[in-house]
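Report on the structure given below.
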Protein chains: 2
Amino acid sequence: MDVERKNAGGRAEAWGDITPDAARRLVSAAVHAFAERGYHATTTRDIAGRAGMSPAALYIHYKTKEELLYQISKVGHRLALDILEEARDGEGAPAERLATAVRGFVRWHAEHHMTARVVQYELGALGEEHHAEVIAMRRATDAAVRSIIEDGVGAGAFDVPDVRGTTVAVLSLCIDVARWFNARGRSTPDEVGDLYAGLVLRMVGADS
Amino acid sequence: MDVERKNAGGRAEAWGDITPDAARRLVSAAVHAFAERGYHATTTRDIAGRAGMSPAALYIHYKTKEELLYQISKVGHRLALDILEEARDGEGAPAERLATAVRGFVRWHAEHHMTARVVQYELGALGEEHHAEVIAMRRATDAAVRSIIEDGVGAGAFDVPDVRGTTVAVLSLCIDVARWFNARGRSTPDEVGDLYAGLVLRMVGADS
DNA sequence: ACGTGTCCTAAGCGCTTGCTCACCCTCCGT
DNA sequence: ACGGAGGGTGAGCAAGCGCTTAGGACACGT
């Protein structure tokens, strides 16, 4: 329970606060393997191998392969959601808060695109209960963005005919960064975050 | 070769022009299975079962499971690309052509979201050669959108500081429709297409 | 010195996977 | 009447899967 609350805005790629060390290496190895080949194409032998241990050692730290995915998905969703809720509850005009939300959310998806890919595209492989838990967090994600947009519409700062649809579009745009972003590509996470914040302000018709 | 050129704008969900009938049922079954559970989580027994035949019958029509995915991916990419290139080569001002492109592209991804999901999110499971072939088509997709945006910038109709980044964003926004769209949801493919066309015109700063 | 708990491995079990093989149906031109 | 082609099946193979088990190495409080 103390794993997922830490370093909400910092770098989670290293998963630095998981102990013992072997468990941390397993999670890190699983993130890379799941992101590169997908959950179902990844074998427990592959994960254990990347973490530098025997296949059996995995089961000392995690009951099943699915629990590893659940751990990654839960922590990842928590970190991403924290960014949005922090922006929603922050100071400033709606346009400012929306820009902060998008910039931070996109930056996280770019910087931790391996983790984000697993978080956003492998949740279908979760077990029923874990899946439901994650879906609840995703509804909160949607609610956070919608809340900011509604604030802007209420204040007359945004021009959004379809709040629900636009919320989906904004989140969809940001989430998909995890799919295409490449660390060796042309843009840095900061650049993409800034670009996307500007695009989203245009989408909601923020008076600029 | 005559399979993927037909009904570019029509409904491809039924895969109506594949013969014999058993092969068509196999592709349709594979699309549904791949879209619901992912390529690697789908078994050949599952596909054959959905198509109403024995596991062995699959191999009369397709050499491997991967070839089935390749067929779906190739045809799907062709259909989606045709929509964009038709809009790019069409008549009208850049804003009009961009709106047509986005509306058609989004509508296809919503209407055929099962096929689109496989096309957009399972291409990593393709073999090396097939993967390269599909990547080439995806570059053409990017080029088509970028071409329209460049036209608009050149004509002074768009305000786009970062053409490359904005092209990626626009395409990303449209593609991700396949992930979240639900046939039993609140919006129809037409509604989403119209909404998205408007959002994209705002993103490129089209003077409206 | 020694029991205890933690962390790990080698071996392998039971099952599922993609795919093949030997064989069996029609249907159809001659 | 009949051979052959096209479309199908039941059984099953080799390989790989997630996961378990029996046991060993090592640090540490006493």
Side-chain angles (χ1 to χ4, degrees), chain A residues 3 15 17-34 36-73 118 122-131, chain B residues 3 15-73 118 122-131:
Chain A
V3 165
W15 299 85
D17 41 13
I18 296 182
T19 56
D21 188 70
R24 209 207 68 245
R25 268 154 45 220
L26 278 170
V27 172
S28 179
V31 165
H32 282 79
F34 291 163
E36 278 170 22
R37 308 137 83 109
Y39 176 80
H40 288 293
T42 299
T43 70
T44 54
R45 280 164 242 261
D46 185 18
I47 298 170
R50 284 180 197 237
M53 42 208 201
S54 78
L58 191 153
Y59 295 91
I60 295 163
H61 303 283
Y62 296 93
K63 277 204 291 284
T64 62
K65 176 177 137 182
E66 192 266 354
E67 198 178 275
L68 252 176
L69 174 64
Y70 171 59
Q71 202 61 225
I72 294 164
S73 196
V118 179
E122 302 294 331
L123 72 159
L126 286 167
E128 217 170 319
E129 276 187 34
H130 292 162
H131 184 77
Chain B
V3 164
W15 299 86
D17 41 13
I18 297 183
T19 54
D21 187 70
R24 208 207 70 246
R25 268 154 45 220
L26 279 170
V27 172
S28 180
V31 165
H32 282 81
F34 292 164
E36 278 170 22
R37 306 136 83 109
Y39 175 81
H40 288 293
T42 300
T43 70
T44 54
R45 279 163 242 261
D46 185 18
I47 298 170
R50 285 180 196 238
M53 42 208 201
S54 78
L58 192 152
Y59 296 92
I60 295 166
H61 304 282
Y62 295 94
K63 276 204 293 285
T64 62
K65 177 177 136 183
E66 191 266 353
E67 197 179 277
L68 213 30
L69 174 65
Y70 170 59
Q71 201 61 224
I72 294 163
S73 197
V118 179
E122 303 293 332
L123 72 161
L126 287 166
E128 218 170 321
E129 275 187 34
H130 292 162
H131 185 78

*asked:* Holding to side-chain hydrogen bond (donor to acceptor under 3.5 Å, both in side chains), I want the full list of residues that pass it with B:His61, two or more places apart in sequence or in another chain.
replied: none
*side-chain hydrogen bond (donor to acceptor under 3.5 Å, both in side chains) involving A:Tyr70 - partner list, sequence neighbours excluded*: A:Glu133
*By side chain to side chain contact (heavy atoms under 4.5 Å, CB included) - contacts of A:Pro55 (at least two apart)*: A:Arg45
_Restricting to side-chain hydrogen bond (donor to acceptor under 3.5 Å, both in side chains), what partner residues turn up for A:His40, sequence neighbours left out?_
none
*Between protein and nucleotides 6-21 of chain D, map the contacts as a letter string: B base, S sugar-phosphate only, - none, heavy atoms under 4.0 Å, written 5' to 3'.*
-SBBB-B----BBBBB
Look for any protein N or O under 3.5 Å of an N or O in nucleotides 24-29 of chain D and output each such pair with its distance, or none.
none

*Using the test side chain to side chain contact (heavy atoms under 4.5 Å, CB included), find all partners of B:Ala29 that sit at least two apart in sequence or belong to another chain.*
B:Ile47, B:Arg50, B:Ala51
*Would you please name every residue forming a side chain to side chain contact (heavy atoms under 4.5 Å, CB included) with B:Ala35, sequence neighbours left out?*
B:Met114, B:Arg117, B:Val118
*With sequence neighbours left out, what residues match A:Glu66 under salt bridge (charged side-chain N to carboxylate O under 4.0 Å, His left out)?*
none
